[in-house]
Amino acid sequence: MGIYLFKKIFAAKYYRLWYAAAMIKILDDILSYREMCDSENVQTLQRGMNFRMNPVYSVILMSQRSSAPYLDKIHNDGVTIEYEGHDLAKNYSTNPKEQDQPEKLPSGKLTQNGYFIKAINEYKKYKGKPELVKVYEKISSGIWSLKGYFDLIDYKIINDGKRNVFRYILKLSNQEKNYSIENIKLEHTRLIPSEVKKEVWKRDQGKCVLCGDSKNLHFDHDLPFSKGGTSLSASNVKLLCMKHNLQKSDKIE
Ligand SMILES: [Zn+2]
């Protein structure tokens with residue numbers, strides 16, 4: 001084997017290894033509903049599609065659960081999400097699931113589908129930066145997973161047997177600088193590994209351990225990090241509602 005060929009093969013192999021190691025993977029940061037809303041600085045997040053929720057990015061809420069109203073999925077390549085568009089609002093139709101998903105309202109105003117499509121068309125036409133989309137996935141009632149930032153690169157129209165629906169294609173973004181816009185709260189919750197959070201959630205049955213409230217929950221450390229607390233085991237993490245979480249931090253300060 002000539003040295004050049006050898007080098008070429010070696011380089012290709014090495015490159016693949018390097019690529020696999022350097023490639024960022026889809027995140028799986030478990031968050032309570034409250035933590036998700038807090039990290040977006042909103043009281044509630046109800047719509048699945050939120051175009052330009054802030055000046056930097058859009059937000060979508062996805063679900064791969066069988067009970068979900070839309071067909072969203074993560075492709076086998078592990079970096080592509082296919083996200084179904086949204087139906088006509090109920091106040092415009094008695095049976096939205098029978099009608100084509102709308103790009104515009106009867107008034108001509110763009111729907112969320114329309115804003116996403118417009119961004120894709122502009123990206124393709126001007127070869128600029130794709131719209132950045134932050135993706136959360138619903139795991140179960142009140143429990144969410146942050147999947148990270150994605151580039152909105154394409155869409156297609158599919159007939160689902162009854163009507164036309166939109167499918168948006170999102171690819172895991174490698175614009176790493178975007179990660180710096182994460183706020184400190186999220187950095188904090190990130191320190192608790194997802195496995196621990198899942199375990200705590202299961203053990204505490206998705207409720208505040210003090211009052212049983214199942215809303216506005218936080219993962220709480222028995223010892224704050226500043227005082228040497230570790231988050232590595234479920235034994236020093238528990239679920240608290242916002243009220244009890246605040247009461248506790250008052251005592252610590
Ligand atoms: Zn409570």
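Indexing begins at 1, ligand by ligand and atom by atom, following the structure's order. None of these values were measured; they are calculated from a predicted model.
Note that Lys97 lies in the cation-pi zone of Tyr70, set by a 6.0 Å cut-off to the ring centre and a 45° limit from the axis.
Between Leu71 and Glu82, every side-chain heavy-atom pair lies at or beyond the 4.5 Å cut-off.
The pair Lys171-Asp154 does not meet the salt-bridge criterion, since no charged nitrogen lies less than 4.0 angstrom from a carboxylate oxygen.
Taking 2.8 Å as the limit, the number of protein N, O or S atoms around the Zn ion (ligand 1) is 4.
For the residue pair Tyr168/Asn113, the side-chain donor-acceptor check at 3.5 Å is satisfied.
Taking CH2 from Trp201 and OG from Ser32, the interatomic distance works out to 6.0 Å, rounded to the nearest 0.5 Å.
Under the 6.0 Å cut-off for aromatic ring centres, Phe51 and Phe116 qualify, their centroids lying closer than that.
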